[in-house]
Amino acid sequence: MGDDPSSSVITPHSEITDLPEDVKAKFNPLPTVRTVCSGLNGLVPIEEMQNRKVIVVANLKPVTMRGIKSAAMVLAASPAPPPGEEPSHKNEFVELIAPPEGAEAGEKVFFEGYQGTPEAQLNPKKKIFEQIQPGFKTTEDQTVAFDRAQAGWIGDAEKGKALGDAVARLVTEKGGVCKAPTLKGAVIS
């Protein structure tokens with residue numbers, strides 16, 4: 001992610017007091033830490049959230065959830081809703097999006113064709129994430145993808161939109177592909 005250590009969304013290492021010695025030995029110096037909360041309580045067992053890598057959107061405006069400032073959003077997949085209904089993670093099956101085997105914590109992910117320097121923080125008034133999120137889905141092989149046409153994000157290259165109507169996979173800098181464990185044709189949020 002390359003977060004600036006002076007950023008207000010970063011937990012200073014001096015506030016981390018309960019790390020086991022083997023973790024301290026493995027990560028010296030300690031990597032940048034980001035506090036992330038999710039609304040997945042009751043949908044994803046806590047055991048599935050612990051000690052694992054997840055994909056997060058890290059340049060959204062931080063929000064306070066139950067009194068804790070959350071500096072990213074965890075990406076999860078859920079079954080596509082019936083036509084005419086809005087996607088929602090409420091009361092349904094949810095899977096965390098997984099990085100590829102061997103991905104490193106903090107490694108940048110991007111949709112193919114969109115590699116570049118992301119904005120440090122998206123302007124919430126422009127609702128950029130809300131505009132493109134409807135195009136986030138999983139394919140038949142559970143790959144996370146961005147369907148530009150589904151999001152209406154085609155045509156005007158001068159405004160950052162891609163030419164063409166291709167579907168772009170979510171990949172790491174090393175070329176690995178991010179996937180949902182089992183869901184095909186799922187919505188991602």
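If you read the sequence from its start, that first residue is 1, and numbering goes on from there.
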Single-linkage hydrophobic cluster [X]~[Y], side-chain heavy atoms < 4.5 angstrom:
X	Y	answer
Val109	Met73	yes
Ile132	Leu170	yes
Val57	Phe110	no
Val171	Phe111	no

Going from [atom1] on [X] to [atom2] on [Y], what distance comes out if it is rounded to the nearest 0.5 angstrom?
X	Y	atom1	atom2	result
Thr117	Lys108	OG1	NZ	5.5 Å
Lys137	Lys184	NZ	NZ	14.0 Å
Arg169	Thr143	CZ	OG1	6.5 Å
Leu60	Glu130	CG	CD	8.0 Å

Heavy atoms, side chains only, cut-off 4.5 Å: are [X] and [Y] in contact?
X	Y	result
Ser70	Thr35	no
Cys178	Ile55	yes
Leu96	Leu40	yes
Pro100	Lys179	no
Ser189	Gln133	yes

Could you pull out the closest heavy-atom pair between [X] and [Y], with the gap in Å?
X	Y	answer
Thr139	Ala145	CG2-CB, 3.9 Å
Arg148	Gly113	NH2-CA, 4.3 Å
Pro79	Val187	O-CG2, 4.1 Å
Val94	Ala76	CG1-CB, 3.6 Å
Cys37	Met65	CB-SD, 3.7 Å
Ser78	Ala186	O-CB, 3.1 Å

Would you please name every residue forming a salt bridge (charged side-chain N to carboxylate O under 4.0 Å, His left out) with Lys174, sequence neighbours left out? Glu104
Sequence neighbours excluded, which residues qualify as salt bridge (charged side-chain N to carboxylate O under 4.0 Å, His left out) partners of Glu48? none
Has [X] got a side-chain atom pairing as donor or acceptor with [Y]'s backbone, closer than 3.5 angstrom?
X	Y	answer
Thr64	Ile68	no
Glu173	Glu107	no
Asp147	Gly135	no

Tell me, yes or no, whether the heavy-atom count around [X] atom [atom1], taken from other residues, nucleotides or ligands under 6.0 Å, exceeds 12.
X	atom1	answer
Gln50	CD	yes
Lys53	NZ	yes
Arg66	CZ	no
Asn41	CG	no

Thr182 side chain to Gln142 side chain, donor-acceptor N/O pair below 3.5 angstrom: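 Thr182 vs Gln142: no donor-acceptor pair found between side chains.
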Working note: Ser38 + Met49, criterion side chain to side chain contact (heavy atoms under 4.5 Å, CB included); need CA distance, chi angles, decisive distance, verdict. CA-CA 10 Å; Ser38 78; Met49 296 286 287; 3.8 Å; yes
Would you say the ring centroid of Phe136 lies under 6.0 angstrom from that of Phe129? yes
Please lay out, stage by stage, how Leu75 and Val54 fare under the test side chain to side chain contact (heavy atoms under 4.5 Å, CB included). CA-CA 7 Å; Leu75 286 185; Val54 295; over 6 Å; no
Could you pull out all residues at least two apart from Lys126 that satisfy side-chain contact (heavy atoms from CB on, under 4.5 Å)?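 For Lys126 the side-chain contact (heavy atoms from CB on, under 4.5 Å) partners, ignoring immediate neighbours, are Asn123, Ile128.
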